[in-house]
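Owing to the predicted nature of the structure, the values given are computational and were not obtained by experimental measurement.
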Amino acid sequence: MLTISQLAAYVGVTVRAVRHYHQIGLLPEPGRDTSGYRRYGAAAVVSLIRIRILANAGVPLSRIGQLLEADASTFAGAVEEIDRQLGDEIARLEASRKQIAQLAAGDRLALPPEVITYLDRLRDIGVAERVVAGERDGWILMAARWPDRVHEWMPGKIAQLDDPQLVRLYRILSEIFESDTGDDARLVEAADILAGLAEQAYRSGEIDLGEVGKDDLPFDLLDALAVEADPRVERLLDLMRERGWAGLARLERLERLAKPST
């Protein structure tokens, strides 16, 4: 006859586990001897071994009691069901691992591969990491709103980075936002370049975003995101308005926005 400590040691579990199995009715609690100690027989050892094997296999404790009392056919069917459940759980955990890996990768969180390529291209042309981070967060907003459209836009966005003026704009913005002080001269230069690019896109029809452009909320969020990242963006917005353009994420001619006189 074994004490609870001897039983636990023989089976390879803790005394606390044995007591827990008693509490939930999984392992019958034996009577005490004349010294007041519980004494376990061979049958208790066998039962505890079976409980340990099932628990280690991932079977929920709430199901183990049923399995211990089941006949061979019922036992086999229950094990198959548990196996399917474990397979689903493994698939869920594998998906979670992939998401965790994306978290470690930073940019890859919530973004398609095409956008990652674009962000890497920005780094290649010397754009500051703070500006790249702003672009990343902006594309997260865009991808959430139009998940099926982003891959269509990215080839054009990447091609635009061959334009020396756009490269110059990004580099100026990098210099501005990496600085702790305001630099109105560089903000003016940035506004001049941006207004020129907007005019060029307007004349070629590239600035027309179609149905996407009619969805105000994402573009309002993008501009708000930029202002929240650096209050100096407000000054850039003012400078763009002086040049006849409203917004940043969706540039619009102010003359088009003005109501016709009556």
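- Note on Val45 and Tyr37: separate hydrophobic clusters, where clusters join Ile, Leu, Val, Met, Phe, Trp and Tyr whose side-chain heavy atoms are under 4.5 Å apart, directly or indirectly.
- With hydrophobic clusters built from ILVMFWY side chains whose heavy atoms lie under 4.5 angstrom apart, Val132 shares a cluster with Val227.
- Between the CE atom in Met142 and the CZ atom in Phe219 there is a gap of 4.5 Å [rounded to 0.5 Å].
- No continuous path of ILVMFWY side-chain contacts below 4.5 Å connects Leu48 to Met1, so the two sit in separate hydrophobic clusters.
- Note that the CG atom of Asp163 and the CG atom of Leu169 stand 10.0 Å from one another [nearest 0.5 Å].
- Among all heavy-atom pairs drawn from Ser204 and Ala201, the shortest one is OG-O, 3.1 Å.
- With Arg171 contributing its side chain and Ile125 its backbone, the two residues share a donor-acceptor pair below 3.5 Å.
- For the residue pair Ala191 and Met240, the shortest heavy atom distance occurs at O-SD, 3.6 Å.
- By the salt bridge (charged side-chain N to carboxylate O under 4.0 Å, His left out) test, Arg149 is found to be paired with Glu152, residues two or more places apart in sequence or in another chain being considered.
- A donor-acceptor pair is defined here as one N or O able to donate and one able to accept, closer than 3.5 Å; such a pair exists between the side chain of Gln6 and the backbone of Thr3.
- Residue Gly58 comes nearest to Leu86 through the heavy atom pair O-CD2, 4.0 Å, listed as atom of the first residue, atom of the second, then distance.
- Rounding to the nearest 0.5 Å places CG of Asp220 at 11.5 Å from CG of Leu141.
- Within a 6.0 Å radius of CZ in Arg203, no more than 12 heavy atoms belonging to other residues, nucleotides or ligands are found.
- For the atom pair Ile176 CD1 and Asp184 CG, the distance stands at 9.0 Å (nearest 0.5 Å).
- Taking 4.5 Å as the limit, some side-chain heavy atom of Leu197 sits within range of a side-chain heavy atom of Ile193.
- With hydrogens and angles disregarded, no donor-acceptor distance shorter than 3.5 Å links the side chain of Arg136 to the backbone of Leu111.
- A 4.5 Å side-chain heavy-atom check between Asp124 and Leu161 finds every atom pair outside the cut-off.
- A salt bridge between Glu81 and Arg84 is absent, with no side-chain N of the basic residue lying under 4.0 Å from a carboxylate O of the acidic one.
- Of all non-hydrogen atoms in Leu251 and Ala198, the two that sit nearest each other are CD1-CB, 3.6 Å.
- Linking Ile, Leu, Val, Met, Phe, Trp and Tyr residues whenever their side-chain heavy atoms come within less than 4.5 Å leaves Ile64 and Val46 in two separate clusters.
- Contact of the Ser174 side chain with the Val127 side chain is registered, since non-hydrogen atoms from C-beta on lie closer than 4.5 Å.
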Query raised in the report: side-chain contact (heavy atoms from CB on, under 4.5 Å) between Trp139 and Lys157: does it pass, once the steps are laid out?
Result: CA-CA 12 Å; Trp139 282 106; Lys157 293 293 296 183; 3.8 Å; yes

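- Taking the six-membered ring for Trp and thresholds of 30 and 60 degrees, Trp153 and Trp146 have ring planes more than 60 degrees apart, a perpendicular arrangement.
- Residues Val131 and Leu122 have side chains not in contact (no heavy-atom distance under 4.5 Å, counting atoms from C-beta outward).
- Contact of the Val115 side chain with the Leu119 side chain is registered, since non-hydrogen atoms from C-beta on lie closer than 4.5 Å.
- Using a 4.0 Å cut-off between charged side-chain N and carboxylate O, Arg235 and Asp238 make no salt bridge.
- Side-chain atoms of Gln165 and Arg168 form no donor-acceptor pair, as typed in the model, at a separation below 3.5 Å.
- A salt bridge does not link Glu189 to Arg186: none of the charged side-chain nitrogens sits closer than 4.0 Å to a carboxylate oxygen.
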Query raised in the report: Could you go step by step and tell me if Arg145 and Leu217 meet the side-chain contact (heavy atoms from CB on, under 4.5 Å) rule?
Result: CA-CA 10 Å; Arg145 192 67 161 189; Leu217 179 58; 4.3 Å; yes

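- Shown here for Gly65 and Leu26, the closest heavy-atom pair between the two residues is N-CD1, 3.4 Å.
- Asp33 contributes atom CG, which lies 4.5 Å from atom OG of Ser35 (distance to the nearest 0.5 angstrom).
- In this structure, the separation between OH on Tyr170 and CD on Gln160 is 8.0 Å, given to the nearest 0.5 Å.
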In a table with atom names and distances, give each donor-acceptor pair under 3.5 Å that connects a side chain of residues 10-23 to protein atoms at least two apart or in another chain.
from: Thr14; atom 1: OG1; to: Ala17; atom 2: N; distance (Å): 3.0
from: His22; atom 1: ND1; to: Leu27; atom 2: O; distance (Å): 2.8
from: His22; atom 1: NE2; to: Tyr40; atom 2: OH; distance (Å): 2.7

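- Hydrophobic clustering of Ile, Leu, Val, Met, Phe, Trp and Tyr side chains at less than 4.5 Å, counting indirect connections, unites Ile51 with Phe75.
- Ion pairing of Asp223 with Arg250 is absent here, as no side-chain N (NZ or NE/NH1/NH2) approaches a carboxylate O to less than 4.0 Å.
- Contact detail for Arg243 and Asp192: the closest heavy-atom pair is NE-OD1, 2.6 Å.
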Requested in this report: Output, in order, the C-alpha distance, side-chain angles, deciding distance and verdict of side-chain contact (heavy atoms from CB on, under 4.5 Å) for Asp120 and Thr117.
Outcome: CA-CA 5 Å; Asp120 287 341; Thr117 299; 5.8 Å; no

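- A heavy-atom distance below 4.5 Å is found between the side chains of Asp230 and Arg130.
- Within the 4.5 Å cutoff, the side chain of Leu239 has no heavy atoms near those of the Leu194 side chain.
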Requested in this report: Please lay out, stage by stage, how Leu2 and Arg39 fare under the test side-chain contact (heavy atoms from CB on, under 4.5 Å).
Outcome: CA-CA 5 Å; Leu2 304 178; Arg39 297 293 178 176; over 6 Å; no

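- Judged purely by atom type and a 3.5 angstrom limit, Ser179 has no side-chain atom pairing as donor or acceptor with the backbone of Glu175.
- Residues Gln66 and Thr74 are not in side-chain contact: their nearest non-hydrogen atoms beyond the backbone lie 4.5 Å or more apart.
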